[in-house]
Protein chains: 2
Amino acid sequence: MIKMSTKGRYGTRLMLQLAHHYGDKGQAVILRSVAENETISIRYLEQIIIPLKVSKLVKSIRGAGGGYSLARPPDQIKISEILHTLEGSCCLVECIEDEDFCPRKPYCATFEIWNKATQLLKGYFDNLTLQDVVEIDRKKKKAKPK
Amino acid sequence: MIKMSTKGRYGTRLMLQLAHHYGDKGQAVILRSVAENETISIRYLEQIIIPLKVSKLVKSIRGAGGGYSLARPPDQIKISEILHTLEGSCCLVECIEDEDFCPRKPYCATFEIWNKATQLLKGYFDNLTLQDVVEIDRKKKKAKPK
DNA sequence: CCGTTTTCAACATAATTTTATAGATTTTAT
DNA sequence: ATAAAATCTATAAAATTATGTTGAAAACGG
Ligand code: FES
Ligand code: FES
């Protein structure tokens, strides 16, 4: 299975929750509510949000009334940024990003096909913003209100 | 990192080796030579080739002079078949294939985006045969003979 | 101003899956 | 018989996934 790690998936859902509350002035979202909405352990979300904070995709406010919020408007956050932060990259194989990872590159045909597949994915996630996903979400909920 | 598992990658390289020798009448390829050529542990290759045998992508001949060979001509083996066999599927998330995996599906916006990304990948690997990769390989080696 | 609550933050640990290696056994051609 | 090769079973190492425990900062009520 060419699978996304849970970090990438959970992290995107986390960001989507924050995106939904973006603009609700002063209202940061607390991890516990995300954890409940998405049925993901708080502890695990805490680990996931650290890199998102480091890479300046989210801001944190400590203490009572605190929580997390997006650092930028959702239409200025690409899905590829989230994945790059949480998964290290969007590459299917290390060889693509890391020059020294694999000495086989110059004569490895499979490199070509993983590379091309990676470009497909990258292209898709580079042109998809959190705002796009928010809209998909709203549309989906509208179609199935109950 | 949306990464392929080593099984998918090593397995494709293994199949590529077999493809190169397809047609060399009577000459099955032994795992040890694959292991040497690709610098992958024999024991690990043994584990990888089992599902390939089960799904009838390769044939084995036991005993001295034995080895493995493709069960079909390389132009009739899609890369997607190999990946499906070794990775369980080409899906980025389980939710896509496994109906019951995730109850969130009806109201999960991220499902839509993983699904679309998966279709991109699937489309690519469905239209790519082992023969295609063999040709890429030959071309690459020709361009860089030494 | 002080203590309490709320929340993030940091650290440690456990469970699971993936990746990889090792050894002994069976099959078959010569 | 012998050697070559797949096959089977077991196990070890590493990474991923997940949970638990405690500490520290900020807001708030009095
Ligand atoms: S496996 Fe690294 S370039 Fe092919
Ligand atoms: S996480 Fe399963 S459908 Fe979205």
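Below, chains carry the letters A, B, ... as their sequence lines are ordered, and counting in each starts from 1.
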Judged by atom type as modelled, is there a donor-acceptor pair below 3.5 Å linking the side chain of A:Lys140 to the main-chain atoms of B:Cys108?
yes
At under 4.0 Å between heavy atoms, what does A:Lys59 touch on the DNA or RNA strands: base, sugar-phosphate, or nothing?
nothing
Using OP1 and OP2 only, check whether a side-chain N or O of A:Lys3 sits under 4.0 Å from C:dT18.
yes
Gap between atoms OH and C1', on A:Tyr44 and C:dA15 respectively (whole Å)
12 Å
Nearest to side-chain heavy atoms of B:Ile30, which nucleotide of D:dA5, C:dT5, C:dA20:
D:dA5
Is a side-chain N or O of A:Asn37 found less than 3.5 angstrom from the main chain of A:Val34, in a donor-acceptor match?
no
In the structure shown, which nucleotide is the Watson-Crick or G-U wobble counterpart of C:dT30, with both distances under 3.5 Å?
D:dA1
Under 3.5 Å donor-acceptor pair, B:Glu46 side-chain atoms to D:dC8 base atoms:
yes
Within the 4.0 Å heavy-atom criterion, would you say A:Leu31 contacts the bases, only the backbone, or no part of the nucleic acid?
sugar-phosphate
Tell me whether the OP1 or OP2 atom of D:dT19 has a side-chain N or O from A:Ser41 closer than 4.0 Å.
yes
Separation of atom CZ in B:Arg13 from atom P in C:dT19, rounded to whole Å:
14 Å
In whole angstrom, give the distance that lies between atom CD1 of B:Ile50 and atom C1' of D:dA10.
13 Å
What is the distance, rounded to the nearest whole Å, between atom CD1 of B:Ile42 and atom P of C:dA24?
16 Å
Please report, rounded to the nearest Å, how far the C1' atom of C:dT6 is from the CZ atom of A:Arg32.
9 Å
Nearest 0.5 Å, please: how far is CD1 in B:Ile77 from NZ in B:Lys56?
13.5 Å
Could you check whether the side chain of A:Arg43 and the base of D:dT21 have a donor-acceptor pair of N or O atoms closer than 3.5 Å, going by distance alone?
yes
Strictly distance-based, threshold 3.5 Å: is any side-chain N or O of A:Gln76 a donor or acceptor partner for the main-chain N or O of A:Pro73?
no
What is the distance from CD of B:Glu36 to C1' of D:dA5, rounded to the nearest Å?
14 Å
Answer yes or no: does a side-chain N or O of A:Lys53 lie under 4.0 Å from OP1 or OP2 of C:dA9?
yes
Please report the distance, rounded to the nearest Å, between NZ in B:Lys7 and P in C:dT19.
7 Å
I need the CE-C1' distance between B:Met4 and C:dT19, as an integer number of Å.
15 Å
Side-chain N,O (A:Thr6) to OP1/OP2 (D:dT17) below 4.0 Å:
yes
Examine the base of D:dT19 for any acceptor or donor lying under 3.5 Å from a partner atom in the side chain of A:Gln47, and report the outcome as yes or no.
yes
Would you say A:Tyr10 places a side-chain N or O within less than 4.0 Å of OP1 or OP2 belonging to D:dT17?
no
A:Ser60 has its side chain closest, among C:dC8, C:dA20, D:dA6, to C:dC8
By nearest atom, which of the nucleotides C:dA24, C:dA9, D:dA18 is closest to the A:Tyr68 side chain?
C:dA9
With a 4.0 Å cut-off on N to O distance, would you call B:Lys139 and A:Glu112 a salt bridge?
no
Residues B:Ser80 and B:Asp126: side-chain donor-acceptor under 3.5 angstrom
yes
Can you tell me whether the side chain of B:Arg62 and the base of C:dT26 have a donor-acceptor pair closer than 3.5 Å?
yes
